[in-house]
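Take a look at the structure set out below.
Numbered from 1 within each chain, the chains take letters A, B, ... in sequence-line order.
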Protein chains: 2
Amino acid sequence: MTDGTKTTPIDRRSFEPPYAQLARSIRARIGRGEYRPGDRLPSEAELCSAFGVSPMTVRRAVAELVREDVVVTEHGRGTFVKAPQIATATFDLADLMRHLANPEIVAHILEARIVSAGRRAADKLAVKEGDHVISIKRLLLHGEEPVFYHSEYLVFDPTRPLVEAELATTALQDLFSGASGAGLKYGRLTLHASSFTEKEAAQLGEAPGTPAWVLEHLFFDFDDRPESWGRFVGRADRLSFTTTVGIAEPAGG
Amino acid sequence: MTDGTKTTPIDRRSFEPPYAQLARSIRARIGRGEYRPGDRLPSEAELCSAFGVSPMTVRRAVAELVREDVVVTEHGRGTFVKAPQIATATFDLADLMRHLANPEIVAHILEARIVSAGRRAADKLAVKEGDHVISIKRLLLHGEEPVFYHSEYLVFDPTRPLVEAELATTALQDLFSGASGAGLKYGRLTLHASSFTEKEAAQLGEAPGTPAWVLEHLFFDFDDRPESWGRFVGRADRLSFTTTVGIAEPAGG
DNA sequence: TAGTGGTCTAGACCACTTA
DNA sequence: AAGTGGTCTAGACCACTAG
């Protein structure tokens with residue numbers, strides 16, 4: 001560094017690769033406040049000579065910090081430390097998964113039959129209202145206690161293999177990890193804050209109007225045709241989504 | 001490729017760098033179903049010779065697809081196409097930002113004064129119950145219409161510069177982009193599905209019990225001390241979070 | 001013009017998997 | 001042993017920014 005502050009050297013015998021050590025070292029200096037929001041980091045050339053690594057290695061370390069939203073690079077000017085921002089936070093369904101991946105939770109099929117598509121299902125699945133679709137209702141149980149209600153509609157097409165796979169999916173893990181999705185190209189997920197309908201409340205043994213999460217999913221095949229549409233519904237107060245912006249871990253390294 | 005299928009060659013005069021062209025090309029092949037979930041991609045060496053680029057360039061392209069959760073690499077085995085997974089979806093606050101970054105929306109300060117910390121605020125801010133803290137209440141208005149209510153508590157410490165910066169923050173943009181956060185190291189954000197309290201409902205002109213989003217935020221300084229704790233509250237039915245898993249865009253390239 | 005990040009090359013060595 | 005991804009080197013040229 002140009003300021004003469006000691007830098008932790010790279011340990012080439014470590015299991016941790018140099019780019020990761022370097023990223024951790026810079027992250028720690030920011031975390032200790034040695035570089036403050038708005039400050040410019042040493043240039044890549046300086047970092048190269050300070051740590052004795054090649055440019056590509058430095059770039060990889062910096063790229064990692066950029067992904068973490070801890071610094072921002074400006075072409076021709078330098079790399080600058082960012083203040084933690086609410087705006088760029090992301091929440092991931094891992095929180096939901098921790099909740100549901102519990103092996104004690106099982107998916108119980110309440111109903112699986114052919115029905116006439118209602119207006120909304122027909123719209124989502126790009127079929128005509130009244131056309132046959134497959135309806136599957138599941139209850140996700142933790143022991144005796146229902147925790148999520150799942151309602152799903154599948155396009156009724158004997159030439160498509162999705163249905164069998166879906167019906168076989170009683171293990172919740174598969175439902176989420178896409179085991180039945182080998183014929184699917186992409187899906188759109190929407191997270192709503194809502195409250196239980198009468199029907200949902202009855203299934204879950206809750207009061208209608210209780211705050212609820214709704215995770216809606218719509219999957220498409222490789223011809224961009226909708227294949228399935230459904231929603232998970234569960235009590236709001238048992239689940240929240242948490243994330244961190246800025247440098248989460250206490251300063252070290 | 002080994003199967004003899006035509007590959008789009010790299011255009012070196014394009015504004016789009018080779019690694020991006022290559023990533024797009026592979027993504028398109030997956031999107032067209034030429035590589036299906038579970039299939040192995042050509043090895044990096046094969047991609048190098050097929051596209052006439054160096055190993056690092058191939059790796060960067062593949063790394064991009066890994067980040068997108070479209071493929072997974074397995075050391076010593078190969079790179080494999082993944083089925084779209086619910087489990088790995090992430091939602092980002094950009095949706096909320098689009099909602100709030102509207103220049104017509106302004107933050108109106110309802111109240112800013114020194115109060116005694118209640119139990120919850122004291123706990124979050126690591127002060128004693130009854131200690132002085134600064135309370136700020138804001139109403140986020142779209143024209144005449146209130147859309148979000150914001151309640152925030154700041155540690156009362158004249159040696160800390162945060163307070164002035166926070167009070168000056170009437171522009172909502174700053175509140176989110178961390179303009180007042182130059183002295184902050186990190187923050188924890190939590191997203192709840194909930195419903196309006198009496199007080200919130202009154203402020204927003206809604207009925208108590210209406211479904212609502214709550215975005216809670218807790219920020220720490222460079223000594224890992226809590227600095228501010230607060231929450232945004234808004235109607236649930238005006239906002240949802242959407243994301244995509246798998247290959248979103250129609251096949252091309 | 002000098003300094004910065006952005007990209008790429010053409011190899012190298014290693015660790016892991018499979019046969 | 002052969003093939004795969006994981007990492008790194010030591011440069012190169014370019015585009016952008018600033019004085």
- Message: Looking at A:T243 and A:T90, would you say the former's side chain and the latter's main chain have a donor-acceptor pair under 3.5 Å?
- Response: yes

- Task: Would you tell me if any nitrogen or oxygen in the side chain of B:T57 comes within less than 4.0 Å of OP1 or OP2 on C:dT9?
- Result: yes

- Message: If I take atom CZ in residue B:F15 and atom P in nucleotide C:dC8, what distance separates them, rounded to the nearest angstrom?
- Response: 13 Å

- Task: Tell me whether the OP1 or OP2 atom of D:dT4 has a side-chain N or O from B:R40 closer than 4.0 Å.
- Result: yes

- Which nucleotides of DNA chain D pair, in dot-bracket form (Watson-Crick or G-U under 3.5 Å, | meaning another strand): ||||||||||||||||||.

- Task: Go through the steps to decide whether B:H150 and B:H108 satisfy the test ring-ring contact (aromatic ring centres under 6.0 Å, His included), and finish with yes or no.
- Result: CA-CA 10 Å; B:H150 183 216; B:H108 174 62; over 10 Å; no

- Message: If I take atom CD in residue B:E16 and atom P in nucleotide D:dA15, what distance separates them, rounded to the nearest angstrom?
- Response: 17 Å

- Query: Rounding to a whole Å, what distance do you find between A:R13:CZ and D:dT7:C1'?
  - Reply: 18 Å

- Message: Measuring to OP1 and OP2 of C:dG5, would you say a side-chain N or O of A:T79 lies under 4.0 angstrom away?
- Response: yes

- Of A:A20 and A:G76, whose nearest nucleotide on DNA chain D comes first from the 5' end? A:A20

- Looking at B:S43, does any N or O in its side chain come under 4.0 Å of the phosphate oxygens OP1/OP2 on D:dG3? no

- A:R12 CZ to C:dC13 P, in whole Å, measures 15 Å

- Partners passing side-chain hydrogen bond (donor to acceptor under 3.5 Å, both in side chains) against A:R231 (at least two apart in sequence or in another chain): A:E200

- Would you say A:Y19 reaches D:dT7's phosphate, i.e. side-chain N/O to OP1/OP2 under 4.0 Å? yes

- Item | Atom-to-atom span, CE of A:M56 to P of C:dT7 - whole angstrom | 10 Å

- Nearest-Å distance for atom pair CD/P, residues A:E44 and D:dG11: 17 Å

- Starting at the 5' end of DNA chain D and moving along, which residue's nearest nucleotide shows up first, A:E74 or B:L41? B:L41

- Distance (rounded to the nearest 0.5 Å) between B:I10 CD1 and B:Q21 CD: 5.0 Å

- First encountered from the 5' end of DNA chain C, between A:A45 and B:V53: A:A45

- Working to the nearest 0.5 Å, report the span between CD1 of A:I247 and CZ of A:R27. 7.5 Å

- Rounded off to whole Å, could you give me the CZ-to-P distance for the A:R60 and D:dG5 pair? 15 Å

- Please state whether the rings of B:F91 and B:F241 are parallel, tilted or perpendicular, taking 30° and 60° as the class boundaries. perpendicular

- Query: Counting only side-chain N and O atoms of A:R77, is one of them less than 4.0 Å from OP1 or OP2 of D:dA18?
  - Reply: yes

- May I have the distance from B:H75 (atom NE2) to D:dG3 (atom P), rounded to whole angstrom? 16 Å

- Task: Check for a donor-acceptor pair, side chain of A:D223 on one end and backbone N or O of A:R225 on the other, with a separation under 3.5 Å.
- Result: no

